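Please read these numbers as outputs of a predicted model, since none were measured by experiment. Only this structure's heavy atoms are used, side chains among them; waters, hydrogens and symmetry mates stay out.
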Amino acid sequence: MADKKSPASGWPKIQGDYHTGDANSCVVVVTMGSHLDEQGVCDAGAGMCGSCKTENLGLEKIVANVISNPNIRFIITCGTEVKGHLSGQCLKALHAGGVEGGKIVGAKGAIPFIENLNDAAIKRFQEQVELIDIMETEDLGAIKAKVQECISKDPGAFEGDAMVIEVKEEEGGSGETEGEEAPMTAEVALLHARMKVIQEKVTGMGLQDRFAAGVYSGKVEGLMIGLIVSFAVLGFLLMG
């Protein structure tokens, strides 16, 4: 049997929408926008199985729970992608490229901003686990088979000890209750992102309109001055 280490006391450390299995398992399963038989997947050998609907707090919780258990070496992403948030794509982007300026490099979700993970935590996550992508798969048989495949390749616990980080949720709630994330969050986030783009375009159009109005006003003013000068000259000529 592969060498194992003790996870952080009280693992999983962060509350979320998941079921847990053997803490010595090398694999967790993230079903993204789908709700499947999570406990059945854990019974098949996964250390944890649950959904993830947001590309910020949701991903932070996954990372926090993974790095606090050195035995986890694989993450299987499956289930349907979450509209707007694209949490599956963002998780893969986080693992591949990390974070720059608070934003996940290469993420395509509406709000892929990370606040609770420092560079050390992200690097540990990248080094500790391998991502197995079978997104859009909801076939429990295929998911359980992939869990067993990962277990057969278990390299043993990661060389570092459990790393514990705190994931702070915004006061007044983050759209989650007992780990369950609000079903309309993705649509609202996408709407906000689109509204921001529209606002920027409207502002740009306003500036263009002001410039055009200034040019037109200048032309009219110039024409009027020209007419006044012309009439003045004509008057002087007639008087002479």
Run the side chain to side chain contact (heavy atoms under 4.5 Å, CB included) test against [X] and tell me which residues pass, sequence neighbours left out.
| X | result |
| --- | --- |
| Asn118 | Ala120, Ala121 |
| Ala44 | Lys144 |
| Cys42 | His19, Gln39, Cys49 |
| Ala96 | none |

task: Just grab all the salt bridge (Lys or Arg N to Asp or Glu O under 4.0 Å) pairs involving residues 148-164, residues at least two apart or on different chains.
output: Lys4-Asp154, Lys5-Asp161, Lys146-Glu149, Glu149-Lys153
query: Taking only residues at least two apart or on different chains, which pairs with a member in residues 122-138 satisfy salt bridge (Lys or Arg N to Asp or Glu O under 4.0 Å)?
result: Lys92-Asp133
- prompt: Between Met32 and Lys53, is any pair of side-chain heavy atoms under 4.5 Å apart?
  reply: no
query: Mind checking whether Asn71 and Pro7 have side chains closer than 4.5 Å, heavy atoms only?
result: yes
Inter-residue atom distance [X].[atom1] - [Y].[atom2], 0.5 Å rounding:
| X | Y | atom1 | atom2 | value |
| --- | --- | --- | --- | --- |
| Cys90 | Leu59 | SG | CG | 6.5 Å |
| Ile134 | Cys78 | CD1 | SG | 5.0 Å |
| Ile62 | Ser87 | CD1 | OG | 7.5 Å |

task: Answer yes or no: is there a donor N or O on one side and an acceptor on the other, between the side chain of Asn69 and the main chain of Ala23, under 3.5 Å?
output: yes
field: Side-chain (Asp22) to main-chain (Gly47) donor-acceptor, under 3.5 angstrom
entry: no
- line: Hits for salt bridge (charged side-chain N to carboxylate O under 4.0 Å, His left out) against Lys13, two or more places apart or cross-chain, chain-then-number order -> none
statement: Applying ring-ring contact (aromatic ring centres under 6.0 Å, His included) to Phe125 and not counting sequence neighbours gives His95
- request: Starting from Val105, walk the hydrophobic network (Ile, Leu, Val, Met, Phe, Trp, Tyr; side-chain heavy atoms closer than 4.5 Å) and list everyone else you reach, by chain and number.
  value: none
task: Hey, could you give me each pair passing ring pair (Phe, Tyr, Trp, His ring centres under 6.0 Å) that has a residue in residues 41-79? Not counting sequence neighbours.
output: none
- request: Could you note down all residue pairs passing ring pair (Phe, Tyr, Trp, His ring centres under 6.0 Å) where residues 127-166 supplies at least one of them, sequence neighbours left out?
  value: none
Sequence neighbours excluded and cut-off under 3.5 Å, please list the side-chain donor-acceptor pairs for residues 107-114, or say none.
none

query: Thr54 pairs by side-chain contact (heavy atoms from CB on, under 4.5 Å) with which of Glu60, His85, Lys61?
result: His85
query: Does any donor atom in the side chain of Thr80 or Ser34 lie under 3.5 Å from an acceptor atom in the other side chain?
result: yes
